[in-house]
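Everything on this sheet refers to the single structure shown next.
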Amino acid sequence: MLAEDLKLKFRGFEPTPDVRSMIYILLNELHLKAPSQSFFSATFTLADGIFEGAIKISSSAENFAVKAADATINGLRHQLFDKLGNQLKEWKKVRFE
């Protein structure tokens with residue numbers, strides 16, 4: 001994924017290099033499943049000990065959006081990946097019927 005295809009924000013915390021790497025891996029995995037020429041916008045927030053995440057994918061083919069919250073960043077990653085993965089799977093199913 002090219003840097004200009006991604007808008008990434010962190011609020012309420014500064015991610016460690018490991019956390020930042022994990023988030024980039026998540027977004028790259030989703031990018032491989034997304035429509036071509038997609039633009040990603042992702043925000044990760046830490047408030048009152050809860051991590052919240054929101055990812056939007058914009059493309060000419062379809063737009064996708066998910067939100068999730070979890071006590072751990074890893075749990076949040078799994079929720080976001082599952083939710084967005086399901087949306088992308090449904091889109092592909094309809095698209096290729």
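Only heavy atoms go into these numbers, but all of them, side chains included; no hydrogens, no water, no symmetry mates.
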Close side-chain approach of T43 and L8, heavy atoms under 4.5 Å: no
How long is the gap from CG on D5 to OG on S58, to the nearest 0.5 Å? 11.5 Å
List the steps and the verdict of side chain to side chain contact (heavy atoms under 4.5 Å, CB included) for R11 and L46. CA-CA 6 Å; R11 295 188 176 132; L46 177 61; over 6 Å; no
Could you report the tightest heavy-atom contact between F44 and I23, atom names first, then the distance? CE1-CG2, 3.6 Å
D70 side-chain N/O to T72 backbone N/O, donor-acceptor pair under 3.5 Å: yes
On a heavy-atom basis, which atom in I73 and which in M22 lie closest, and how many Å separate them? CG1-CE, 3.7 Å
Distance from N28 atom CG to I25 atom CD1, nearest 0.5 Å? 8.0 Å
Between F51 and F13, ring centroids under 6.0 Å: yes
Interatomic distance, S38 atom OG to K33 atom NZ [nearest 0.5 angstrom]: 13.5 Å
Which atom pair, heavy atoms only, marks the closest approach of L76 to E52? CD2-C, 3.7 Å
Inter-residue atom distance N86.CG - K93.NZ, 0.5 Å rounding: 9.5 Å
For F39 against L6, the heavy-atom pair lying closest together: CE1-N, 3.9 Å
In terms of heavy-atom contacts, L80 and G53 come closest through CD2-O, 3.7 Å
Please give me the minimum heavy-atom distance between E29 and F81, naming the atom from each residue. OE1-CE1, 3.5 Å
From K89 atom NZ to Q87 atom CD, the distance as rounded to the nearest 0.5 Å: 12.5 Å
Students often mix this up, so state it plainly: with edges at 30° and 60°, are the rings of W91 and F64 parallel, tilted or perpendicular? perpendicular
Side chain of K83, backbone of K67: donor and acceptor closer than 3.5 Å? yes
Is it true that R20 and E14 make a salt bridge, defined as a side-chain N closer than 4.0 Å to a carboxylate O? yes
Decide yes or no on side chain to side chain contact (heavy atoms under 4.5 Å, CB included) for V66 and D82, but give the supporting numbers first. CA-CA 10 Å; V66 295; D82 290 346; over 6 Å; no
To the closest 0.5 Å, what do you measure between NZ (K56) and CG (N63)? 8.5 Å
